[in-house]
Amino acid sequence: MLLFLPSFLSCDGRKYRLPVEELCITRPDGEQVTVRAELAVKAEERNWGFMERKDIPDGTGMLFVFEKDQVLSFWMKNTPHPLSIAYIDSRGEITDILDMTPYSLESIRSSKSVRYALEVPQGFFAAQGVAVGDRVTRADGSPLQK
């Protein structure tokens with residue numbers, strides 16, 4: 001028996017294969033935390049996000065990139081893995097860190113206009129000492145904006 005999978009689905013069930021980039025979060029004490037983040041840039045990539053993913057290893061995440069600063073709102077529809085989200089302004093500063101509950105339809109909003117959202121496994125930011133005010137850059141030290 002042949003099983004037909006639409007071409008937009010990967011073998012592991014993910015809808016999109018996203019590019020991965022290493023990000024660096026710098027704390028005020030100069031210590032740095034690295035995250036290997038998938039980049040969700042297009043609207044359909046951002047809409048799909050981590051939906052259906054059951055395993056998201058520590059040290060990995062997804063960076064949602066938006067065209068302009070705006071108040072962002074995320075939810076966890078069809079997302080089984082608990083996540084933490086950091087909202088990041090256009091200068092790369094973390095403005096909010098919030099936890100999100102699997103499958104919840106509750107809107108988790110940024111407190112101000114931001115350009116990016118970084119989702120990681122829940123508790124990762126806390127375990128690494130990442131906090132509001134920390135800075136996010138590309139691994140080479142360049143800003144998130146290109």
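Computed over heavy atoms, backbone and side chain alike; hydrogens, waters and symmetry mates excluded.
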> Do you know the tightest heavy-atom contact between Asp134 and Gly129?
Replying inline: OD2-O, 3.9 Å
> Considering residues at least two apart in sequence or located in another chain, which fulfil the side-chain contact (heavy atoms from CB on, under 4.5 Å) criterion with Asp55?
Replying inline: Pro57
>> Listing request: all salt bridge (charged side-chain N to carboxylate O under 4.0 Å, His left out) pairs with a residue in residues 94-123, at least two apart in sequence or in separate chains.
In response: Asp69-Arg115
> Can you tell me how far the NE2 atom of His81 sits from the CD1 atom of Ile56, to the nearest 0.5 Å?
Replying inline: 5.0 Å
> Can you check salt bridge (Lys or Arg N to Asp or Glu O under 4.0 Å) on Glu67 and Arg46, steps first, answer last?
Replying inline: CA-CA 12 Å; Glu67 295 79 19; Arg46 293 188 305 250; 3.3 Å; yes
> Residues in side-chain contact (heavy atoms from CB on, under 4.5 Å) with Arg91, at least two apart?
Replying inline: Asp89, Glu93, Arg135
> What residues form a side-chain contact (heavy atoms from CB on, under 4.5 Å) with Val33, not counting sequence neighbours?
Replying inline: Ile25, Arg27, Phe124, Gln128, Val130
> Any side-chain heavy atom of Leu144 sitting closer than 4.5 Å to one from Leu63?
Replying inline: yes
> Atom CZ in Arg17, atom CD in Glu38: separation rounded to 0.5 Å?
Replying inline: 8.5 Å
> Which residues, ordered by chain and number, are linked to Trp75 in its hydrophobic cluster, where ILVMFWY side chains connect at heavy-atom gaps below 4.5 Å, directly or through other members?
Replying inline: Leu105
> Minimum heavy-atom separation for Met51 to Asn47, with atom names?
Replying inline: CE-O, 3.9 Å
>> With a 3.5 Å distance limit and no angle check, can you tell me whether Gln122 reaches the backbone of Leu83 through a side-chain donor-acceptor pair?
In response: yes
> Within a strict 4.5 Å, meaning less than it, do heavy atoms of the Glu45 and Leu18 side chains meet?
Replying inline: yes
>> Minimum heavy-atom separation for Pro121 and Thr60, please, with both atom names.
In response: CD-O, 3.3 Å
>> For a quick test of reading the model, state the closest non-hydrogen atom pair linking Ile94 to Ile88 and the distance between them.
In response: CG1-CG1, 4.1 Å
>> As an exercise, state the distance from CZ of Phe50 to CZ of Phe64, rounded to the nearest 0.5 Å.
In response: 6.5 Å
>> Between the side chains of Glu22 and Arg138, is the shortest nitrogen-to-carboxylate-oxygen separation below 4.0 Å, so that they form an ion pair?
In response: no
> Between the main-chain N or O of Gly59 and the side-chain N or O of Arg36, is there a donor-acceptor pair closer than 3.5 Å?
Replying inline: no
> Would Val114 and Phe66 count as a side-chain contact (heavy atoms from CB on, under 4.5 Å) if you check the C-alpha gap in whole Å, the side-chain angles of each, and the deciding distance to 0.1 Å?
Replying inline: CA-CA 9 Å; Val114 294; Phe66 293 85; over 6 Å; no
> Where do Phe125 and Ile85 come nearest, in terms of heavy atoms and distance?
Replying inline: CE1-C, 4.0 Å
> With the 4.5 Å side-chain cut-off for hydrophobic clustering, are Val41 and Tyr116 part of the same group?
Replying inline: yes
>> Once side-chain contact (heavy atoms from CB on, under 4.5 Å) is applied, do any residues pair with Thr26, and if so which ones, sequence neighbours excluded?
In response: Cys24, Gln32
> For Met62 and Trp48, what are the C-alpha separation, side-chain angles and deciding distance, and is it a side-chain contact (heavy atoms from CB on, under 4.5 Å)?
Replying inline: CA-CA 11 Å; Met62 186 173 294; Trp48 187 258; over 6 Å; no
>> Using 0.5 Å steps for rounding, measure from the OG atom of Ser90 to the NZ atom of Lys68.
In response: 13.5 Å
> Checking Ser84 side chain against Gly123 main chain: does a donor-acceptor pair fall under 3.5 Å?
Replying inline: yes
> Can you check whether Leu72's main-chain N or O pairs, donor with acceptor, with Ser110's side chain at less than 3.5 Å?
Replying inline: yes
> Looking at Thr95 and Val132, what are the two nearest heavy atoms and their distance?
Replying inline: O-CG1, 3.6 Å
>> Any non-hydrogen side-chain atom of Leu23 less than 4.5 Å from a side-chain atom of Thr137?
In response: no
> Roughly how far, to the nearest 0.5 Å, is the OG atom of Ser107 from the CE atom of Met76?
Replying inline: 13.0 Å
